[in-house]
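Report on the structure given below.
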Amino acid sequence: MSFRSGRHFLQIPGPTNVPDRVLRAMAQPTIDHRGPEFGRLGRELLEGLQTVFKTSGQVVIYPSSGTGAWEACLVNTLSPGDRVLMFETGHFATLWSNMARRLGLDVDFVPGDWRHGVDPATLEAKLKEDGRRAVKAVAVVHNETSTGCTSRIDEVRRAIDRAGHPALLFVDTISSLASIDYRHDEWGVDVTVGCSQKGLMLPPGLGLNAISTKALAASKEARLPRAYWNWEPMITDNKNGFFPYTPATNLLYGLREALRMLLEEGLDTVFFRHKRHAEATRRAVKAWNLEILAVNPEEYSPSLTTILMPEGHDADALRKLILERFDMSLGTGLGKLKGKIFRIGHLGDFNDLMLAGTLCGVEMGLGLAGVPFSKGGVAAALDYLSSGK
Ligand SMILES: Cc1ncc(COP(=O)(O)O)c(C=O)c1O
């Protein structure tokens with residue numbers, strides 16, 4: 001690869017751009033993870049994460065990717081053969097359901113077209129049919145990073161309540177935490193799964209669970225084998241800010257700084273910023289005369305936008321050209337969407353001019369790749385961004 005001046009544009013929907021403040025915070029000497037300074041750090045982080053998850057309950061931090069936090073959620077709460085209701089909203093929901101099957105769970109996977117979030121009415125009907133209460137948990141992905149469709153978790157909760165069903169509710173917030181409004185306690189979520197490399201503006205390497213008292217009670221009865229992911233020793237050691245094994249100390253320094261940044265900006269401002277950048281991006285896509293994959297405007301993702309390529313044009317060829325010419329990475333199509341779509345990530349540490357640059361790169365790339373489109377997407381986005389909205 002020849003020399004590249006300036007900064008790479010990392011516009012995949014995670015990992016996201018890591019702010020300089022976080023990078024500097026991580027570049028500090030590693031300390032004794034059993035010493036007093038670490039205990040203070042651990043306690044501060046667990047408290048800060050409670051604010052982000054909007055919970056007064058237990059939060060645990062693993063040295064892992066998001067996939068580890070998925071596994072922790074399942075193995076701590078369920079027993080072999082337990083039925084789990086899941087929804088095919090896209091690639092990540094599919095991967096999570098595959099994991100659940102491999103762990104020996106009985107997955108009822110409601111088919112979907114990868115262009116919608118979870119339908120609360122279908123969920124309610126499914127649970128009403130379950131007279132024997134065989135379903136032990138409902139697991140949904142809040143923001144399907146493979147499609148750019150969100151599921152409305154408040155409505156999911158209401159659907160479960162209308163059915164009067166006691167199932168646990170698990171929510172993957174891997175690409176929504178600290179980007180899209182989320183309320184673990186208010187929405188009665190039992191386990192929320194998160195990770196470091198998206199809205200939290202950190203490199204990959206931390207997996208998160210927020211845990212309700214109902215989930216903690218379920219963990220006492222659950223019989224799936226668990227060792228590394230076991231909540232119990234974590235929670236015991238976390239009381240004093242420590243971990244049962246070596247934590248990812250320098251990532252935790254980064255987390256401390258990222259939490260400070262999020263609280264300085266204010267979570268509501270963070271959510272509004274993401275919504276505004278998503279709206280500007282959609283205006284660009286509309287002006288380009290291209291199609292957004294998400295069908296239902298209520299489910300448009302604030303953290304990424306997924307764009308369908310016109311028939312006969314390969315999204316990965318466009319992405320390759322944009323990477324080579326403009327040094328910008330865009331998200332690839334995952335699973336059955338390979339080659340058919342590309343994704344623009346607009347989450348994490350991001351501002352108007354970063355979005356303007358991103359959209360310029362896409363518009364120039366569309367032209368160079370010979371994709372049929374109308375010019376004017378960047379102008380439409382800039383008009384919106386400068387309109388004071
Ligand atoms: C919604 C969602 N869930 C789960 C995962 C898996 O996380 P990881 O790749 O960190 O294991 C991802 C990764 O992008 C994701 O976007």
Side-chain angles (χ1 to χ4, degrees), residues 10-18 53 60-75 84 86-103 107 109 112 114-118 138-153 156 170-180 182 189 191-210 228-229 248 251 254-255 258 274 278 293-294 299-306 329-338 341-348:
L10 183 66
Q11 296 318 135
I12 58 175
T16 60
N17 296 287
V18 180
F53 280 110
V60 300
I61 310 172
Y62 296 102
S64 80
S65 83
T67 302
W70 268 349
E71 182 162 339
C73 163
L74 299 175
V75 297
V84 185
M86 297 175 114
F87 293 81
E88 189 197 358
T89 49
H91 184 67
F92 290 106
T94 305
L95 291 181
W96 200 10
S97 73
N98 290 342
M99 170 189 275
R101 260 183 233 105
R102 285 202 302 273
L103 289 170
V107 180
F109 198 42
W114 293 38
R115 299 191 71 170
H116 292 84
V118 173
V138 173
V140 302
V141 176
H142 185 202
N143 184 69
E144 228 329 324
T145 326
S146 63
T147 67
C149 299
T150 55
S151 290
R152 288 153 288 158
I153 305 304
V156 164
F170 303 152
V171 180
D172 168 334
T173 61
I174 285 186
S175 58
S176 59
L177 190 70
S179 312
I180 307 176
Y182 184 77
V189 180
V191 185
T192 300
V193 174
C195 73
S196 52
Q197 73 266 25
K198 312 226 183 206
L200 288 176
M201 309 179 288
L202 293 161
L206 298 178
L208 309 169
N209 280 175
Y228 184 79
W229 306 115
L251 276 172
L255 176 59
H274 283 77
L293 185 70
E299 295 173 340
Y300 284 157
S301 168
S303 51
L304 77 143
T305 300
T306 300
S329 295
L330 295 167
T332 188
L334 295 168
K336 68 180 186 186
L337 294 173
K338 181 110 196 103
I341 57 111
F342 65 96
R343 298 171 297 149
I344 302 177
H346 32 72
L347 73 162

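In each ligand, atom 1 is the first atom listed, and ligand 1 is the first ligand listed.
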Item to check | Test item: side-chain donor near acceptor, S146 and H91, under 3.5 Å | outcome: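 No.
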
Checklist entry - Does any donor atom in the side chain of T192 or Y182 lie under 3.5 Å from an acceptor atom in the other side chain? => result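 Side-chain D/A pair, T192 to Y182: present.
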
Checklist entry - For the atom pair NZ (K338) and OG1 (T332), what is the distance rounded to the nearest 0.5 Å? => result 3.5 Å

Checklist entry - Taking only residues two or more places apart in sequence or in another chain, which ones pass side chain to side chain contact (heavy atoms under 4.5 Å, CB included) with S97? => result M86, R101, V107, F109

Next on the checklist: I need the minimum non-hydrogen distance between L251 and P203, along with the two atoms involved.
Outcome noted: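 So the minimum-distance heavy-atom pair works out to CD2-CD, 3.8 Å.
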
Checklist entry - Looking only at heavy atoms, what is the nearest atom pair of A248 and L206, with distance? => result CB-CD2, 4.0 Å

Could you pull out every N or O of ligand 1 that sits under 3.5 Å from a protein N or O, with the distance for each pair?
{"unit_1": "ligand 1", "atom_1": "3 (N)", "unit_2": "D172", "atom_2": "OD2", "d": "2.6"}
{"unit_1": "ligand 1", "atom_1": "10 (O)", "unit_2": "G66", "atom_2": "N", "d": "2.8"}
{"unit_1": "ligand 1", "atom_1": "10 (O)", "unit_2": "Q197", "atom_2": "NE2", "d": "2.8"}
{"unit_1": "ligand 1", "atom_1": "11 (O)", "unit_2": "S65", "atom_2": "OG", "d": "2.6"}
{"unit_1": "ligand 1", "atom_1": "11 (O)", "unit_2": "G66", "atom_2": "N", "d": "3.3"}
{"unit_1": "ligand 1", "atom_1": "11 (O)", "unit_2": "T67", "atom_2": "N", "d": "2.8"}
{"unit_1": "ligand 1", "atom_1": "11 (O)", "unit_2": "T67", "atom_2": "OG1", "d": "2.5"}
{"unit_1": "ligand 1", "atom_1": "14 (O)", "unit_2": "K198", "atom_2": "NZ", "d": "2.7"}
{"unit_1": "ligand 1", "atom_1": "16 (O)", "unit_2": "T145", "atom_2": "OG1", "d": "2.5"}
{"unit_1": "ligand 1", "atom_1": "16 (O)", "unit_2": "K198", "atom_2": "NZ", "d": "3.4"}

